[in-house]
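Step one of this worksheet: look at the structure below.
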Amino acid sequence: MTIKISIDCMGGDHGPSVTIPAAISFVKHEPEAELILVGLEDVIRAELKKHKADTHPRLSVLHASEQVTMDDPLEVALRRKKDSSMRVAIEQVKSGAAQASVSAGNTAALMAVSRYVLKTMSGVDRPAICSILPNQKNGPTYMLDLGANVDCEPHHLHQFAIMGSVLVSAMEGIARPTIGLLNVGTEDIKGNEVVKLTSKLLQADHERGALNFYGNVEGNDIFKGTTDIVVCDGFVGNVTLKAIEGLARLMKDVLTTEFKRNPITMLGALIARGALKAIGNRLNPSRYNGASLLGLRGLVFKSHGSADAYSFEWALRRAFDAAKNDVQAHLASLIAELMPRTPVPDEPTSTSSTI
């Protein structure tokens with residue numbers, strides 16, 4: 001089965017110098033993948049030729065004359081740059097030419113353009129950004145929202161929990177994934193009113209067998225693997241994600257510095273080289289790159305804007321796996337089944353600018 005993915009090759013901090021090598025490497029490792037490379041045709045073809053991949057049969061080029069920069073306001077990305085590589089890549093999903101799209105571009109623009117082009121699923125007020133983090137159980141903890149919705153009401157968090165549950169069920173093969181609500185304590189009396197009211201909604205779903213709600217969880221539970229899914233608003237989620245990434249890089253820097261401090265520590269590093277490499281691979285933030293924009297009528301994945309080729313290739317892997325596991329069909333059917341029957345009026349969306 002061939003999976004086609006459209007790539008916004010011009011997005012992110014590095015553009016084609018990262019997206020093209022990542023695409024080439026991915027098709028070498030994944031024989032079932034076909035990639036549509038969207039952007040300035042001359043630039044993309046030059047990069048392909050540089051890597052001796054200009055005639056690869058599973059890499060096609062689709063010209064787009066404009067580029068959404070990391071600093072572009074939503075108005076510019078959405079209304080003025082109608083031929084941007086970001087928008088054209090997403091339009092491939094809408095038309096059915098691609099089963100998923102990947103971009104490292106401006107997060108706010110990506111969410112806005114995706115929502116405009118693809119629309120949201122029935123019953124979904126706001127799409128959410130969901131990604132995975134490592135845990136002590138050697139498995140993934142799915143967390144959302146990671147920055148799409150800064151200000152949320154209880155019914156938004158409720159919807160995030162439903163979408164996260166469907167995603168984990170499809171991707172991990174878990175029939176009833178556990179859901180934790182991120183809070184400042186596990187007790188029911190802890191937290192603000194939004195969290196308390198969300199807890200009641202999720203508990204009601206748990207009691208009727210619709211969701212597997214574990215209860216409140218704290219920040220350390222993310223890495224313990226206490227629950228399969230951790231739900232929070234986009235403000236908390238984005239701050240948490242950035243703090244985690246910063247800590248991971250700090251640990252790597254400290255270990256490197258200390259092991260190079262003197263000949264004895266360098267010898268220790270040599271002896272422990274295998275274990276250190278395994279630790280580095282397991283905790284490398286690049287391996288967890290690729291966040292899904294849940295709630296849209298199509299699969300869109302967001303890569304970090306500063307991603308290198310190795311990291312961007314992981315985002316391609318996430319998109320490929322989601323398409324291969326037919327996540328969109330699972331989302332459409334189960335969201336329709338689980339979403340509350342009475343829709344709640346939505347408020348204007350607050351969107352973060354980075355992930």
Side-chain angles (χ1 to χ4, degrees), residues 7 12-31 33 35 47-48 50-53 56 102 104 130-143 146 171-172 217-228 230 237-291 301-321 354-355:
I7 303 175
D13 295 340
H14 309 294
S17 65
V18 158
T19 56
I20 300 302
I24 294 169
S25 177
F26 185 71
V27 291
K28 285 181 180 177
H29 291 105
E30 185 46 72
L35 304 180
E47 193 69 26
L48 286 170
K50 175 182 173 182
H51 293 277
K52 298 180 173 60
H56 197 291
V102 180
C130 180
S131 192
I132 62 173
L133 296 166
N135 63 43
Q136 291 173 225
K137 297 180 179 178
N138 202 28
T141 296
Y142 285 71
M143 187 171 178
L146 294 179
M171 293 290 284
E172 305 296 332
V217 294
E218 298 178 279
N220 57 342
D221 287 304
I222 297 169
F223 298 104
K224 285 181 181 178
T226 303
T227 58
D228 299 308
V230 173
N238 196 265
V239 170
T240 301
L241 180 66
K242 294 300 174 61
I244 290 167
E245 291 171 352
L247 178 60
R249 291 186 172 89
L250 172 64
M251 289 174 60
K252 181 180 179 182
D253 182 66
V254 168
L255 285 171
T256 301
T257 300
E258 293 304 318
F259 274 120
K260 290 182 177 180
R261 188 167 295 279
N262 57 56
I264 295 176
T265 58
M266 290 174 70
L267 178 61
L270 184 63
I271 295 171
R273 181 172 56 182
L276 289 172
K277 184 177 180 180
I279 292 169
N281 287 336
R282 187 172 172 183
L283 299 180
N284 186 354
S286 295
R287 295 182 68 242
Y288 300 92
N289 186 37
F301 279 75
K302 172 70 175 76
S303 165
H304 290 292
S306 60
D308 57 16
Y310 174 78
S311 183
F312 193 83
E313 188 174 347
W314 274 102
L316 293 177
R317 168 57 59 185
R318 303 270 179 257
F320 179 88
D321 288 346
T354 60
I355 183 173

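Here, residue 1 is the first one in the sequence, and each next residue gets the next number.
- In terms of heavy-atom proximity, M266 sits nearest to K260 at CG-CA, 3.9 Å.
- No side-chain N or O of D13 forms a donor-acceptor pair with one of S306 less than 3.5 Å apart.
- When all heavy atoms of H51 and P21 are compared, the pair lying nearest together is NE2-CG, 3.6 Å.
- The distance from atom CZ of F259 to atom CG of L267, rounded to the nearest 0.5 Å, is 10.5 Å.
- One finds no salt bridge joining K242 and E245 here, because no Lys/Arg side-chain nitrogen approaches an Asp/Glu carboxylate oxygen to under 4.0 Å.
- Across all their heavy atoms, A22 and L316 have their closest contact at O-CD1, 4.0 Å.
- Around atom CG of L270, more than 12 heavy atoms belonging to other residues, nucleotides or ligands sit under 6.0 Å away.
- Remark: D308 pairs with no residue by the salt bridge (Lys or Arg N to Asp or Glu O under 4.0 Å) rule, at least two apart or across chains.
- Summarising the geometry of S311 relative to N289, their closest heavy-atom pair is O-ND2, 2.9 Å, with the distance given to 0.1 Å.
- Contact check for F312 versus T19: side-chain heavy atoms found under the 4.5 Å cut-off.
- Rounding to the nearest 0.5 Å places CZ of R318 at 3.5 Å from CD1 of I132.
- In this structure, the side chains of E258 and T265 stay at 4.5 Å or more apart for every pair of heavy atoms.
- Between the side chain of D221 and the backbone N or O of E218, at least one donor-acceptor pair lies under 3.5 Å.
- By the salt bridge (Lys or Arg N to Asp or Glu O under 4.0 Å) test, E172 is found to be paired with no residue, residues two or more places apart in sequence or in another chain being considered.
- Ion pairing between a basic and an acidic side chain is recognised when a charged N comes within 4.0 Å of a carboxylate O; R249 and D253 show no such pairing.
- The heavy-atom pair separating N135 from I222 by the smallest distance is CB-O, 3.8 Å.
- By the 4.5 Å heavy-atom criterion applied to side chains, M143 and T240 are counted as neighbours.
- Summarising the geometry, atom OH belonging to Y310 is positioned 10.0 Å from atom OG belonging to S25; distances are rounded to the nearest 0.5 Å.
- Side-chain contact between L133 and L241 is present, with at least one heavy-atom pair separated by less than 4.5 Å.
- Atom CD of E30 is separated from atom CG of L35 by 10.0 Å, given to the nearest 0.5 angstrom.
- Nearest heavy-atom pair, A53 versus I24, reported as atom, atom and distance to 0.1 Å: CB-CD1, 3.6 Å.
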